[in-house]
Amino acid sequence: MASAAENKDQQHPQEKNDKEIVDRLLQEEPSERNYAELARLRIRYCRFPGAREIQKNLDALLQRWQMSEEQLFELTRQLHAQAQVYRRSSNSQGQDDWS
């Protein structure tokens, strides 16, 4: 039998920032950057024990954009091979978000 600690959802350290990104994606149309953001977040939250709302919204985005996760990853691999999807903006503070 699993202990209560094993069943408890965890909070990801980037969850607050990621929720803002997901909320923005839910309001916007697909674009190269938005595809890359969705793929990055799908990877981050894959098998993560928590952030259920974010995971549910990531699933909803895939459905809305009419693609499977495999199609998303194939598309973003092509995008990254062709160009730098994440360009530094003038207000960027030089900090990458790889956590």
Side-chain angles (χ1 to χ4, degrees):
M1 189 167 172
S3 71
E6 291 173 334
N7 290 330
K8 185 170 179 356
D9 279 352
Q10 297 177 16
Q11 182 169 354
H12 194 283
Q14 294 294 327
E15 188 170 344
K16 182 177 183 244
N17 292 334
D18 291 341
K19 183 180 181 325
E20 292 174 7
I21 293 169
V22 172
D23 289 346
R24 179 181 53 80
L25 293 176
L26 288 166
Q27 301 301 316
E28 295 182 1
E29 295 297 317
S31 67
E32 289 182 358
R33 182 175 181 95
N34 288 348
Y35 285 131
E37 289 283 50
L38 178 56
R40 179 179 66 82
L41 293 172
R42 292 287 298 188
I43 292 167
R44 175 176 287 170
Y45 289 98
C46 177
R47 297 188 197 101
F48 182 77
R52 304 291 176 203
E53 182 181 353
I54 288 177
Q55 292 182 40
K56 181 184 72 147
N57 286 334
L58 295 176
D59 290 342
L61 281 164
L62 279 178
Q63 283 188 328
R64 182 180 296 170
W65 294 351
Q66 299 179 338
M67 59 189 345
S68 68
E69 185 176 77
E70 184 177 322
Q71 291 170 319
L72 173 69
F73 290 159
E74 177 61 30
L75 174 63
T76 55
R77 278 192 294 273
Q78 291 172 8
L79 292 173
H80 285 293
Q82 295 170 2
Q84 184 178 356
V85 176
Y86 290 106
R87 294 177 184 87
R88 292 219 183 266
S89 61
S90 59
N91 62 358
S92 174
Q93 297 176 2
Q95 184 178 7
D96 290 332
D97 178 16
W98 292 102
S99 56

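Keep in mind it's a predicted model, so treat the numbers as computed, not measured.
- Residues in residues 27-36 take part in these salt bridge (Lys or Arg N to Asp or Glu O under 4.0 Å) pairs, two or more places apart or across chains: R24-E28.
- Scanning for ring pair (Phe, Tyr, Trp, His ring centres under 6.0 Å) contacts around F48 gives H12, Y45, with sequence neighbours left out.
- Residues T76 and Y35 approach most closely at CG2-O, 3.5 Å, considering heavy atoms.
- The structure places NZ of K8 at 9.0 Å from CD of Q10, a figure rounded to the nearest 0.5 Å.
- Under the side chain to side chain donor-acceptor pair (under 3.5 Å) criterion, the residue pairs touching residues 53-66 are R42-D59, with sequence neighbours excluded.
- When the side-chain hydrogen bond (donor to acceptor under 3.5 Å, both in side chains) test is applied to E15, no partner is found at least two apart in sequence or on another chain.
- Counting heavy atoms from C-beta outward, R44 and L58 have side chains that stay 4.5 Å or more apart.
- How far CG of L38 is from CG of L62: 5.0 Å, rounded to the nearest 0.5 Å.
- Using a 4.5 Å cut-off on side-chain heavy atoms (C-beta onward), L41 and I54 make no contact.
- Partners of R77 by salt bridge (charged side-chain N to carboxylate O under 4.0 Å, His left out), not counting sequence neighbours, listed by chain and number: E74.
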Please assess L25 against I21 for the test side chain to side chain contact (heavy atoms under 4.5 Å, CB included), listing each intermediate value before the final yes or no. CA-CA 6 Å; L25 293 176; I21 293 169; 4.2 Å; yes
